[in-house]
Amino acid sequence: MTRVLVVGGGIAGDTLALMLERDGWAVTVAEIAPAPRAGGQTVDLRGDCREVLDGLGLLPAALECLVPQAGAAWIDARERRLAEMPVTAFDGRGYVSEEELLRTDLARIIHRAAGPGVTHRFGETVEALEDTPGGVRARFRSGTTEEFDLVVGADGAHSRVRALRFGPEERYRKPLGLAHAWFTLAERPGTPRLDGWFLIYNEPGRRSVQARPGRAGEQEVGLTFAADSLPPRQDREARFALLERTFADVGWRATEFLAAARQAEDFALDTFDQVQMPSWRDGRVVLLGDSAWCASPLSGLGTALALRGAAELAAALKSADVPSDPRRLPAALASYERAMRPRVTSAQQLPPGRVASMAPATALGIRANALAMRALQSRPLRPLVRRAMAGTEHGRSATEAAEAA
């Protein structure tokens, strides 16, 4: 049986594992985390997300996990609305979708769909990859060595596989000038209610505080600020200290969120970057998802690209019938890259004002952004937005389409 090693058990990796298992591959997934990862941004089910999940037969399970959504609102420190965009705006293609679920729930659905042909090894990753006449020999962190017919790096924007095979991260990383912390906040008596609204509060200096609905009794919190680099991942105290310095004088619920960040089990902090590579394949090693093409959360298409990328890679391998003739692997990987390149290129072309709208630099910029959100929904601009929407695909929202236009 043809063996594939997928490094990274996130959305992209587990989706590919499920698809290849169904096509008869023996799949090993190495995930450095000790268990399936929790946390992450909310995922909407528009475009490629919906199509791929439907093809896998997982859409009904995803629809059962939807988080109630009312829309997005830009607020001041007193929580007065500067602008708002309900989920019904632009025929459901506004800033927030009516059909959104937590990344945690989507990852769980995909992970649990795998059968006995998929072996997950948690707390594991690769330390070396060596070509052999018939495949790739992987040396694991645990010290064991095994040979595979194909190795897929689906281990995120800071990919270990990419570093081993294609060179250091600095060669491919394009920082966008922002960093973002996110975590789950458990509601307590007295916690302000969101009533389904994604609330966004901005202060000058490119600092943004967000809270959006999560599971019952929970809120998903975000803190965005200007940064190109961060303290090392291992130095959690330095990371918390950076947040506390940055948001020390920020209003609304910033003080509450800073205190909650230290207690959150799913706290995460990273820069907003893109990964841009001339090629995603080298011999029998290929990259998938953020490892290959991270478009950054600013694109709004990270999960859609992960799901579509897994589907295109699995389809290319199946079409070439690689298990029956391994010599067809290079052509299959080239076909996968041809299919995904246009989507990735489009997703990485962020509108010029995308960073500024996410975290405006000045008080004037904050007011202008709120005005723009209101104006986009006005009668005179509706034809422009419709034309912009007509030229987009794969799940980009009307807001992003209008910004691009």
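Here the structure is a predicted model, which means the values were calculated and not measured. Keep in mind that the numbers below use all heavy atoms, side chains included, and drop hydrogens, waters and symmetry copies.
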Lys/Arg N to Asp/Glu carboxylate O, [X] vs [Y], below 4.0 Å:
{"X": "Asp14", "Y": "Arg37", "value": "no"}
{"X": "Arg139", "Y": "Glu130", "value": "no"}
{"X": "Arg46", "Y": "Asp44", "value": "yes"}
{"X": "Arg367", "Y": "Asp76", "value": "no"}

On a heavy-atom basis, which atom in [X] and which in [Y] lie closest, and how many Å separate them?
{"X": "Tyr336", "Y": "Leu287", "value": "OH-O, 2.7 Å"}
{"X": "Arg284", "Y": "Pro326", "value": "NH2-CB, 3.6 Å"}
{"X": "Leu101", "Y": "Ala62", "value": "CD1-O, 3.9 Å"}
{"X": "Met19", "Y": "Ala310", "value": "SD-O, 3.6 Å"}

When you compare the side chains of [X] and [Y], does any donor N or O come within less than 3.5 Å of an acceptor on the partner?
{"X": "Thr42", "Y": "Glu220", "answer": "no"}
{"X": "Asn369", "Y": "Ser357", "answer": "no"}
{"X": "Gln210", "Y": "Ser208", "answer": "yes"}
{"X": "Trp252", "Y": "Glu79", "answer": "yes"}
{"X": "Gln219", "Y": "Thr184", "answer": "no"}

Audit row: Phe257, Phe247, ring pair (Phe, Tyr, Trp, His ring centres under 6.0 Å) steps and yes/no: CA-CA 10 Å; Phe257 293 159; Phe247 290 89; 9.8 Å; no
Euclidean distance, Arg281 CZ relative to Leu329 CG, rounded to 0.5 Å: 10.0 Å
CD on Glu100 to CG on Leu45, rounded to 0.5 Å: 8.0 Å
Working for salt bridge (Lys or Arg N to Asp or Glu O under 4.0 Å), residues Arg173 and Asp228: CA-CA 11 Å; Arg173 173 180 177 257; Asp228 283 333; 5.9 Å; no
Heavy-atom side-chain contact between Glu244 and Arg262 under 4.5 Å: yes
Partner residues of Thr125 under the side chain to side chain contact (heavy atoms under 4.5 Å, CB included) criterion, sequence neighbours left out: Val7, Ile32, Arg141, Arg160
Parallel, tilted or perpendicular: rings of Tyr95 and Trp74 (30°, 60°): perpendicular
